[in-house]
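Encoded as structure tokens, the structure appears first; notes follow it.
None of these values were measured; they are calculated from a predicted model. Sequence lines set the chain letters: A, B, ... in the order given, protein chains first and strands last, and positions in each chain run from 1.
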2 protein chains.
Amino acid sequence: MKPPSIKDIAKRAEVSITTVSFILNGKAEKMRISKEVIKRVEEIIQELGFKPNQVARSLRTGNTKTIGLIVEDISNPFFSAIARLIEDKAYKKGYKISYSSTENDPVKARELIEMFKSRKVDAYIIAPVPGIEEDIRQLLAERIPVVIFDRNLPDLDVNYVVVDNLEGGYSATEFLIKKGRKNIAFVTVDVEVDQINNRFLGYQKALRDHGMTANAHTLVKIPFDATEEDTNNRLKVLFEENPQIDAVFFSTNYLAVRGLFFLKSIQKPINDGFMIVAYDDQDVFRIHTPPISVVDQPIEQIAEKIIDIILQELSADRSLPQSERSKVSLPTRFIER
Amino acid sequence: MKPPSIKDIAKRAEVSITTVSFILNGKAEKMRISKEVIKRVEEIIQELGFKPNQVARSLRTGNTKTIGLIVEDISNPFFSAIARLIEDKAYKKGYKISYSSTENDPVKARELIEMFKSRKVDAYIIAPVPGIEEDIRQLLAERIPVVIFDRNLPDLDVNYVVVDNLEGGYSATEFLIKKGRKNIAFVTVDVEVDQINNRFLGYQKALRDHGMTANAHTLVKIPFDATEEDTNNRLKVLFEENPQIDAVFFSTNYLAVRGLFFLKSIQKPINDGFMIVAYDDQDVFRIHTPPISVVDQPIEQIAEKIIDIILQELSADRSLPQSERSKVSLPTRFIER
DNA sequence: GAGGATTGCTTAAACTATTTTGCATTTATC
DNA sequence: GATAAATGCAAAATAGTTTAAGCAATCCTC
């Protein structure tokens, strides 16, 4: 019992396929199809429960009504929250989302772009990894809408939505300094991405502005694919070799979570003598005792901006000369707890 | 600068489209295409960077190499973790995932299935809502692979992967009873889904087995779309009207999180005199002071089972008589903290 | 009042990029 | 010179959209 095709509808209504197509696509008026025919066809569509085959449609029209979402890890709360918000808005415009996780691996990222290309997704939303600049440039050359977010790729002229990570890093560090911290460790992920770099630069700048300098010994770079155990070991070394540390700034949400577990495991209390700040406002940080101060990213705004840019480009006449790229940088908000 | 099509390759190699197609699909041997031709064509494919148009391919072959994932809310850590694990395995077999969130709304769920149908996804992974039985039955009638998970739809003969929620509810409740709790409240979501019902039944059974009965006053059903404020108000009423409560069992992860925030806000301590258990092992529960005991679902196993079933059905010869449906129920694990 | 344009409706055929079936041609073998 | 093997292609099919054209009746113009 195959689902009916447009041909079945046409046959049953005793009109041509074209006529059905016009009616389906709201061109009945323009093509001056009689009210009776429209009614008859629509009734038959109802009756047989006909739904146009989107694949055939895509082949002919060249658009799939699908947006490709490429992130670092869809199970990271930051990305899944973004995914959820984007999905909602896209859905209202008839777009579906296809997602993939890169694990910060440029090879995989490139493969994913290839895969999405062959699937002819209409637009791309990408949390990029360095090393895929050329692939993105390629997309742009084909005039396919692209927005990158979370991180920028500085030498690429592309729409982006990021937050001011330098400011974010600065505010977190300054907070700690004002709380009298003298030895602020910086724990980060060992990936050369723009947003992480900026968080570090903000940290560095805040230190300098207050007459301090970053200490190479208390800067820990943890590989993205490090296990929890591995992470713990590195943190252990950090604290053993640098007992003077009186605060830690974690540059990513998941590292901060691991850090909290680690501190709990070694029973190091977080208090007036030892402070923590994290990136991203998540439940864990609010619920922790004591609560953890964080640099909060405006997730709703980020998602909204992304999808607005995408939908706007999708609806724009692509034959016209391209308008300016949208370059959006949103402020972070430091939440003191 | 459009990407090249198979036609361009054929023209450049001075062979027919058919030949290129055979080479692309590894049928060159079988179709006795000469080594030289194969080599020449492959070189040109390389040179022009040709990637077959998956849309055209799908139209012709009838499969899209896409799996539709329909969950309650992709930003819920339980679902996003599942999504991530499924994605990995599917990707290795050349499948992509398209996702959507139902918000427990049967109307939206039905629309999503329709949308996926018109997009001709090859298989469905669904965390179902009551009211979509008929739509799923329809899919099954068309012999499309479907796995439902998280919740079962009892009157449907379909593959499913669930956990033993009755046992889960039982173990959590029994733990509290053994800890000497006399008045255990049950806070749940007001949706008639199988897994939530079973958690309640487990709770009820444990009470009965220990000579107690569920108290209707300490059973709180919170609408799925309730705001946090709304949730707080309901919890406030619960505790004000039932000061005798000495434990709460939250039937879902997000309600437990809200509950913890609420308890924090009214400064009600969690200790030997007042205990909490939650569903799903999440960071928040582990990091909380004191740590919260939970009913842990084996997420990796769930994801693995789901995708195994799907991939197996996708690779099976659909013309053959259908083999038995897979009905998987995995054990939960109570983690005492 | 003859020829062309317009109107209102409908349709045949082309097009999208690929797979697949059945057939055609060439070359080698005896 | 017939047969078989080797090699490759034409054309149909997939399910839609879109273009250009057809038809009959009416209107316009010189």
| query | Would Ile23(B) and Glu42(B) count as a side-chain contact (heavy atoms from CB on, under 4.5 Å) if you check the C-alpha gap in whole Å, the side-chain angles of each, and the deciding distance to 0.1 Å? | reply | CA-CA 8 Å; Ile23(B) 293 171; Glu42(B) 279 176 346; 4.0 Å; yes
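- Both Leu59(B) and Glu14(B) sit near DNA chain D, but only Glu14(B) has its closest nucleotide nearer the 5' end.
- Under the 4.5 Å side-chain criterion, counting only non-hydrogen atoms from C-beta, Tyr99(B) is in contact with Leu69(A).
- Considering only side-chain atoms of Ala56(B), the nucleotide from dA17(C), dG16(D), dG8(D) that sits closest is dA17(C).
- Following rounding to the nearest Å, Leu24(B) (CG) and dT18(C) (P) show an atom-to-atom distance of 8 Å.
- Here dT7(D) presents its C1' atom at 12 Å from CD1 of Ile23(B), a figure rounded to the nearest Å.
- Residue contacts for Ser21(A): at a heavy-atom cut-off of 4.0 Å it reaches a base atom on one of the strands shown.
- Heavy atoms of Val55(B) sit nowhere under 4.0 angstrom from any nucleic acid atom.
- With rounding to whole Å, Asn63(A) atom CG is found 16 Å from dG16(D) atom P.
- Phosphate contact (OP1/OP2 of dG8(D), side-chain N/O of Ser34(B), threshold under 4.0 Å): present.
- Considering only the side chain of Thr19(A), dT10(C) comes nearest among dC9(D), dG8(D), dT10(C).
- Rounded to a whole Å, the CD1 atom of Ile17(A) is 17 Å from the P atom of dT19(D).
- We find that CG of Asn25(A) is positioned 5 Å from P of dT17(D), with the value rounded to whole Å.
- Taking side-chain N and O atoms only, Arg57(B) has no distance below 4.0 Å to OP1 or OP2 of dA17(C).
- Checking dT20(C), dG16(D), dT18(D) against the side-chain heavy atoms of Phe22(B) singles out dT20(C) as nearest.
- Considering only side-chain atoms of Arg60(B), the nucleotide from dT11(C), dT17(D), dA13(D) that sits closest is dA13(D).
- Among the nucleotides dT16(C), dG16(D), dT20(C), the one closest to any side-chain atom of Lys27(B) is dT20(C).
- Protein atom NZ of Lys120(A) is 21 Å distant from nucleotide atom P of dG16(D), rounded to whole Å.
- Atom pair Asp8(B):CG and dA17(C):P shows a separation of 9 Å (rounding to whole Å applied).
- With distances taken from any side-chain atom of Thr18(A) to the nucleotides dT14(D), dT19(C), dT11(C), the minimum falls on dT11(C).
- Salt-bridge formation is not detected for the pair Glu114(B)/Arg110(B): no Lys NZ or Arg NE/NH1/NH2 atom is positioned less than 4.0 Å from an Asp or Glu carboxylate oxygen.
- Close to dG16(D), at under 4.0 Å from its OP1 or OP2, lies no side-chain N or O of Lys7(A).
- Salt bridge Arg137(A)/Glu134(A): present, at least one basic N to carboxylate O contact under 4.0 Å.
- Across all strands shown, Lys35(A) has no heavy atoms under 4.0 Å from either base or sugar-phosphate atoms.
- Counting to the nearest Å, the P atom of dT14(D) and the CG atom of Asn53(A) are 12 Å from each other.
- Salt bridge status for Asp88(B) with Lys92(B): absent, with no side-chain N to carboxylate O gap under 4.0 Å.
- Classification of the Phe149(A)-Phe79(A) ring pair by plane angle, with boundaries at 30° and 60°, yields perpendicular.
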